[in-house]
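The next block holds one structure in the form of structure tokens; read it before the comments.
The chains referred to below are lettered A, B, ... by the order of the sequence lines, with proteins before strands, and numbering in each begins at 1. Everything numeric here is computed off the predicted structure, so don't read it as measured data. Computation of the quantities below employed the complete heavy-atom set of this structure, encompassing side-chain atoms and omitting hydrogens, waters and symmetry-equivalent molecules.
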2 protein chains.
Amino acid sequence: MAGVRQFDEERLLADALAQFWRKGFAATSMQELAQASGVQRGSLYNAYGGKEALFIAAYRRYQARYIEGVQRALAPPDLRVALSGLFAFSIGYIRTDRRGCLTTKTAIDEEAGSPAIRAALRQQMSDLQALLVERLAPAASELRLPVEMAADLIVTHTRGLVVMERIQDDPARLQAGADALVGLLLKEAQV
Amino acid sequence: MAGVRQFDEERLLADALAQFWRKGFAATSMQELAQASGVQRGSLYNAYGGKEALFIAAYRRYQARYIEGVQRALAPPDLRVALSGLFAFSIGYIRTDRRGCLTTKTAIDEEAGSPAIRAALRQQMSDLQALLVERLAPAASELRLPVEMAADLIVTHTRGLVVMERIQDDPARLQAGADALVGLLLKEAQV
DNA sequence: GTTAAATTTGACATGAGTGTCAATCATGCG
DNA sequence: CGCATGATTGACACTCATGTCAAATTTAAC
């Protein structure tokens with residue numbers, strides 16, 4: 001196995017993710033990726049074949065990070081705290097450096113329409129939904145809706161959040177809206 | 001006032017809107033706009049100065065159309081019917097030719113960050129919110145939340161809808177989720 | 001009909017970005 | 001040690017898009 005990869009793949013993927021996250025899939029060029037990472041364009045083509053494969057490799061780390069954060073946020077035993085915390089985490093996540101949400105950016109990006117990318121996005125959303133179902137199931141009796149439906153509503157709200165954040169730039173208002181939704185979902189008295 | 005505009009501005013704006021709507025602001029070039037409309041690139045620069053002004057002119061028609069549809073959808077006297085109809089309209093609107101939502105595309109588009117564009121987006125969302133408040137206010141007693149908060153939740157849900165539509169391509173599921181939200185918002189027994 | 005204002009047109013110079021490829025270089029393995 | 005394997009590098013040939021401008025053209029108004 002001679003002729004070994006010279007660049008640090010960890011570093012490359014971290015740099016590529018930062019770039020994709022900030023600018024989106026379509027708006028990020030191989031040229032930029034090369035500059036941002038210090039790896040020559042030719043090497044990137046040689047190693048990954050093109051932008052899409054590199055994107056998917058970088059996106060995998062994004063997925064993992066977000067899902068991990070969601071798990072942590074959902075851990076508290078009190079359901080209201082857990083759900084409110086999930087939204088707080090999401091809001092903080094996208095507002096770091098005002099970078100927004102890569103999943104949403106990619107979902108909206110018409111040029112990111114390859115089957116592999118679409119599959120990754122679907123995967124991410126269904127993972128999120130699954131975590132919610134898992135968290136909600138034991139507390140089903142506290143909910144005003146069937147577990148699956150409640151999870152769907154929460155997932156959709158996280159996406160709406162991301163869009164409204166871009167338009168309004170008002171995290172307190174986002175959190176208040178999220179908490180109102182949580183209040184509606186739970187049977188006990190509302191806030 | 002000699003040397004009068006040769007092209008039909010109505011037609012141009014309609015063509016430009018179609019292009020922007022499909023591909024988004026950043027991904028649409030002046031070149032494409034010229035080809036799609038049959039108006040020379042130079043004429044477009046002369047008439048509008050650049051892409052941003054042309055976009056805003058085209059977006060105005062988009063705004064009007066959507067708001068008009070929302071008004072029609074919200075007209076029915078039964079609140080549940082009105083809100084469910086609003087979501088049905090929104091889902092149908094974005095699914096026509098699978099074109100998605102131009103407001104959301106633009107909100108997510110990092111290259112569409114000029115103050116004028118951002119202001120137009122904010123305007124559109126606050127117009128939607130205002131229509132909702134207007135419709136909800138007389139029926140405030142039927143709601144589980146304060147009018148403003150309920151309107152916010154509905155607005156955010158329309159944005160989430162748009163994103164989920166791109167990922168799941170499942171309008172029935174979107175409508176079911178929307179109806180579940182409406183059920184939560186209304187005090188009477190749920191579906 | 002002439003004039004003058006404004007639009008249209010095609011060309012120009014420039015800058016990004018693309019994907020490929022042959023030559024060069026590094027290194028693990030026999 | 002040498003070599004084959006595979007990575008790196010820089011260049012090449014393209015395509016697309018940009019914004020500007022002078023020349024040509026159109027037409028309302030006098």
Side-chain angles (χ1 to χ4, degrees), chain A residues 1-59 105-106 109-117, chain B residues 1-59 105-106 109-117:
Chain A
M1 212 194 275
V4 95
R5 188 161 290 178
Q6 300 296 300
F7 62 83
D8 178 352
E9 187 164 27
E10 290 299 305
R11 244 205 172 79
L12 164 67
L13 292 180
D15 291 340
L17 176 55
Q19 208 68 15
F20 280 129
W21 200 336
R22 192 147 41 80
K23 306 198 49 174
F25 175 77
T28 301
S29 69
M30 288 295 277
Q31 210 152 238
E32 282 176 303
L33 257 9
Q35 273 176 330
S37 66
V39 177
Q40 295 265 1
R41 217 157 48 82
S43 294
L44 296 180
Y45 277 108
N46 173 259
Y48 298 92
K51 190 163 76 166
E52 185 187 315
L54 182 47
F55 174 81
I56 288 174
Y59 183 67
K105 278 184 183 170
T106 310
D109 193 333
E110 296 289 343
E111 281 179 56
S114 82
I117 293 181
Chain B
M1 210 195 276
V4 96
R5 188 160 290 179
Q6 299 295 299
F7 61 85
D8 178 352
E9 185 165 29
E10 290 298 305
R11 244 205 172 78
L12 164 67
L13 292 180
D15 291 341
L17 175 56
Q19 208 68 15
F20 280 128
W21 199 337
R22 192 146 42 80
K23 308 198 49 176
F25 175 77
T28 300
S29 68
M30 288 295 276
Q31 209 154 238
E32 282 176 303
L33 257 10
Q35 271 177 331
S37 66
V39 178
Q40 294 265 2
R41 218 157 47 82
S43 294
L44 296 180
Y45 277 108
N46 173 259
Y48 297 92
K51 192 163 76 164
E52 185 188 313
L54 182 45
F55 174 82
I56 288 174
Y59 183 69
K105 279 184 183 171
T106 310
D109 193 333
E110 296 288 343
E111 282 180 56
S114 81
I117 293 181

From CG of B:Asp8 across to C1' of C:dT7 the rounded distance in Å is 16 Å
Separation of C:dT7 atom C1' from B:Glu9 atom CD, nearest Å, is 14 Å
Here the distance between atom P of D:dA28 and atom CZ of B:Arg5, to the nearest Å, is 15 Å
Applying side chain to side chain contact (heavy atoms under 4.5 Å, CB included) to B:Ala47 and not counting sequence neighbours gives B:Arg5, B:Phe7
Applying side chain to side chain contact (heavy atoms under 4.5 Å, CB included) to A:Ala57 and not counting sequence neighbours gives A:Leu13, A:Tyr48
Rounded to whole Å, CD of A:Gln6 lies from P of D:dT8 at a distance of 5 Å
Residues passing the side chain to side chain contact (heavy atoms under 4.5 Å, CB included) test with A:Asp15, sequence neighbours excluded, are A:Ser37
Residues in residues 27-46 of chain B with a heavy atom under 4.0 Å of DNA chain D, by number, are B:Ser29, B:Met30, B:Gln31, B:Arg41, B:Tyr45
With sequence neighbours left out, the residues meeting side chain to side chain contact (heavy atoms under 4.5 Å, CB included) with A:Gln40 are A:Ser43
| message | If only side-chain N and O atoms count, and only distance matters, is there a donor-acceptor pair under 3.5 Å linking A:Ser114 with A:Glu52? | response | yes
Taken to the nearest whole Å, CD/B:Glu111 to C1'/D:dA17 is 12 Å
note: A:Lys51, atom NZ; C:dT18, atom P; distance rounded to Å ~ 6 Å
Taken in chain and number order and not counting sequence neighbours, the residues that satisfy ring pair (Phe, Tyr, Trp, His ring centres under 6.0 Å) with B:Phe20 are B:Phe55
